[in-house]
Amino acid sequence: MKTVRYGIIGCGAIAQRRHIPEAVANSQSEVVAIADPVRGRAKKTAGPLGAAAYTDYKKMLKEQDLDAAVVCGPNKLHAPMTVDAFKAGLHVLVEKPMATTRAEGKRMLAASKQARKYLMVGMNQRLMPPHVKAKEVLDSGRVGKPITFETSFKHPGPDGWSVDGPKSWFFKKVPAVMGVTGDLGVHKADLMRWLLGEEFVLAGGVITTLDKRTEKGRLIPLDDNAFITLKTRSGVVGSMNISWTNYGGGDNGTTIFCSGGVIKIDKHPDFGVVVEYRNGEREFHQVGAMSTNTRQIPSGVIDSFTESILKRRKPAIDGMEGYRAMDVILTAMEAAKAGRFKKIAL
Ligand SMILES: NC(=O)c1ccc[n+]([C@@H]2O[C@H](COP(=O)([O-])OP(=O)(O)OC[C@H]3O[C@@H](n4cnc5c(N)ncnc54)[C@H](O)[C@@H]3O)[C@@H](O)[C@H]2O)c1
């Protein structure tokens with residue numbers, strides 16, 4: 001195989017702003033077909049690419065000669081779409097959160113195994129240059145061992161991002177299942193597991209709806225803010241502050257407090273990573289920028305998945321990673337509902 005022939009399922013914001021342009025820019029990737037129930041959107045997106053347009057993704061899977069599917073529909077459809085694509089013999093890149101329940105996640109992992117095809121999850125935070133640099137600093141051991149962390153992921157909400165604006169599925173309970181915790185919390189659960197190099201074993205917090213409203217002025221039926229406390233297996237404790245009500249801006253910063261100093265990620269306007277050592281020395285790293293809702297920077301996800309398929313190498317962020325990150329936020333949501341900390345079963 002010289003190129004990967006992709007079929008896109010759901011051509012909304014993430015497909016149009018990241019996956020499709022990134023596939024077009026990759027000489028070993030091709031977008032062959034696009035499926036979206038909004039006919040005009042599917043046609044308009046497929047037309048300039050010379051790709052086939054479908055309103056029914058199952059028909060696309062049946063008729064097209066594809067190598068891989070990119071699943072970019074609403075959260076609740078990730079599992080059935082992924083399983084259908086595996087049944088059609090394709091590799092699958094599914095957007096985050098991988099699924100909305102552990103049972104769905106397990107079905108997706110089993111389908112991947114049965115089809116002997118790769119499953120990658122679009123948790124692109126790991127690939128962003130400041131996070132890559134921070135991982136390098138942490139893994140070098142020169143700042144010592146992590147003790148605590150604070151991480152945030154906040155923006156004004158998906159009504160300014162989704163192709164359907166405030167009418168979007170993001171604000172509807174059935175297709176979304178989770179609000180900001182599933183949207184941004186899962187990114188940070190994955191990032192922190194990866195940066196710290198270990199699993200979380202305890203979660204708790206307050207997950208609530210404070211201010212985000214539907215276009216009719218009612219509070220959305222999903223969480224818009226999450227204040228989550230997590231503990232790792234080795235005892236690192238940290239907080240994740242996640243929000244859709246950070247009106248007027250964004251915050252994707254992280255601080256990791258270690259035995260030898262502090263690592264600050266995306267806290268300085270010019271330096272993506274700053275290390276403040278215990279002895280007063282400073283290290284400033286100028287690295288590529290972080291992508292935001294208003295500033296699109298190639299995520300590297302399609303490049304990574306295409307390479308994994310062509311070289312027959314396990315995806316950089318595989319299905320099990322997606323499952324673990326989802327498990328962290330599901331446990332945090334259950335804990336918040338119960339009003340007490342909950343253990344994360346590994
Ligand atoms: N990795 C990231 O950084 C990132 C960023 C944003 C969104 N996402 C994820 O991507 C997914 C899509 O989000 P989005 O921002 O593109 O939303 P969006 O609202 O902009 O687009 C969703 C699209 O899915 C289509 N759709 C609905 N039902 C479908 C079906 N049955 N078959 C095919 N298509 C269907 C809609 O018509 C719409 O075009 C979500 O899971 C979201 O969490 C990931």
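Note that ligands are numbered from 1 as they come in the structure, with each ligand's atoms numbered from 1 the same way.
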If you measure every N/O of I9 against every N/O of ligand 1, is any gap under 3.5 Å?
no
List the closest protein heavy-atom neighbour of atom 25 (C) of ligand 1: residue, atom name, distance to the nearest 0.1 Å.
D36 OD2, 3.2 Å
Short version for V38: what comes under 4.0 Å of ligand 1, heavy atoms counted, is side chain
Judged by modelled atom types alone, do E198 and T232 share a side-chain donor-acceptor pair under 3.5 Å?
yes
shortest atom 12 (C) of ligand 1-to-protein heavy-atom contact is with C72 O, 3.2 Å
Results of side-chain hydrogen bond (donor to acceptor under 3.5 Å, both in side chains) for D211 - residues two or more places apart only
Y247
N75 heavy atoms, cut-off 4.0 Å: which ligand 1 atoms fall inside?
40 (C), 41 (O), 43 (O)
I need the contact type for K96 against ligand 1. Using non-hydrogen atoms and a strict under-4.0 Å cut-off, is it side chain, backbone, both or neither?
both
Answer yes or no: does an N/O atom from A13 fall short of 3.5 Å to an N/O atom of ligand 1?
yes
Using a 4.0 Å cutoff against the non-hydrogen atoms of N124, which atoms of ligand 1 qualify?
1 (N), 2 (C), 3 (O)
Let me confirm one number: the CD1-CG distance from I242 to D223, rounded to the nearest 0.5 Å.
10.5 Å
Any side-chain heavy atom of D303 sitting closer than 4.5 Å to one from S29?
no
Hey, what's the ring geometry for F305 with H91, parallel, tilted or perpendicular (30° and 60° as the breaks)?
perpendicular
Heavy-atom nearest pair, V137 first then E283, reads CG2-OE1, 4.4 Å
Does the residue H187 have a heavy-atom contact with ligand 1, meaning some pair of atoms that are separated by less than 4.0 Å?
yes
Cut-off 3.5 Å, side chains only: do Y277 and R142 have a donor facing an acceptor?
yes
Where is the tightest heavy-atom contact between T45 and Q16, given as atom of each residue plus distance?
OG1-NE2, 3.9 Å
Taking atom 4 (C) of ligand 1 as the point of reference, which of L77, I14, D183 owns the nearest heavy atom?
I14
Give a yes/no verdict on a cation-pi contact between R17 and W161, requiring under 6.0 Å between NZ or CZ and the six-membered ring centre and an angle within 45° of the axis.
yes
Proximal atoms of ligand 1 relative to P74 (non-hydrogen, under 4.0 Å)
24 (O), 26 (N), 27 (C), 28 (N)
Residue, atom name and distance, where the atom is the protein heavy atom closest to atom 15 (O) of ligand 1
W161 NE1, 2.6 Å
Say whether P37, considering both its backbone and side-chain N or O atoms, lies within less than 3.5 Å of an N or O atom on ligand 1.
no
Intermediate values then yes/no, side-chain hydrogen bond (donor to acceptor under 3.5 Å, both in side chains), S168 and D159
CA-CA 7 Å; S168 163; D159 33 343; over 6 Å; no
So do the side chains of I263 and T255 get within less than 4.5 Å of each other, counting heavy atoms only?
no
Those residues that, when tested against E276, pass side-chain hydrogen bond (donor to acceptor under 3.5 Å, both in side chains) (two or more places apart)
K264
What do you reckon, does M81 have a nitrogen or oxygen under 3.5 Å from a nitrogen or oxygen of ligand 1?
no
Under a 4.0 angstrom heavy-atom cut-off, which atoms of ligand 1 come close to G122?
1 (N)
To which protein heavy atom is atom 44 (C) of ligand 1 closest, and what is the distance rounded to 0.1 Å?
E95 OE1, 3.0 Å
Report yes or no: do T100 and K76 form a side-chain donor-acceptor pair below 3.5 Å?
yes
Please write down residue, atom name and distance for the protein heavy atom closest to atom 21 (O) of ligand 1.
G12 CA, 3.2 Å
Any idea which protein heavy atom is nearest atom 17 (O) of ligand 1, and the distance to it?
W169 NE1, 3.3 Å
Compute the shortest N/O to N/O distance between D164 and ligand 1 and return yes if it is under 3.5 Å, no if not.
no
Under 3.5 Å, is there a donor-acceptor pair between the side chain of S112 and the main chain of M108?
no
Quick one: does H78 get an N or O within less than 3.5 Å of an N or O on ligand 1?
yes
I need the atoms of ligand 1 closer than 4.0 Å to a non-hydrogen atom of G73, numbered in the order shown.
11 (C), 12 (C), 24 (O), 40 (C), 41 (O)
Verify side chain to side chain contact (heavy atoms under 4.5 Å, CB included) between R218 and R213, making sure each step is shown before the conclusion.
CA-CA 5 Å; R218 286 193 213 106; R213 290 175 190 274; 5.8 Å; no
Can you sort out which atoms of ligand 1 are near G10, meaning under 4.0 Å from one of its heavy atoms?
24 (O), 33 (C), 34 (N)
In terms of heavy-atom contacts, does NZ of K113 have more than 12 from other residues, nucleotides or ligands at under 6.0 Å?
no
Atom 38 (C) of ligand 1 sits nearest the protein heavy atom R41 NH1, 3.3 Å
Those atoms of ligand 1 less than 4.0 Å from some heavy atom in R18:
3 (O)
Just which atoms of ligand 1 are under 4.0 Å from any heavy atom in S162?
18 (P), 19 (O), 20 (O)
Part of V301 with heavy atoms under 4.0 Å of ligand 1, whether side chain, backbone, both or neither
neither
Taking non-hydrogen atoms only, is A35 closer than 4.0 angstrom to ligand 1 via side chain, backbone, both or neither?
backbone
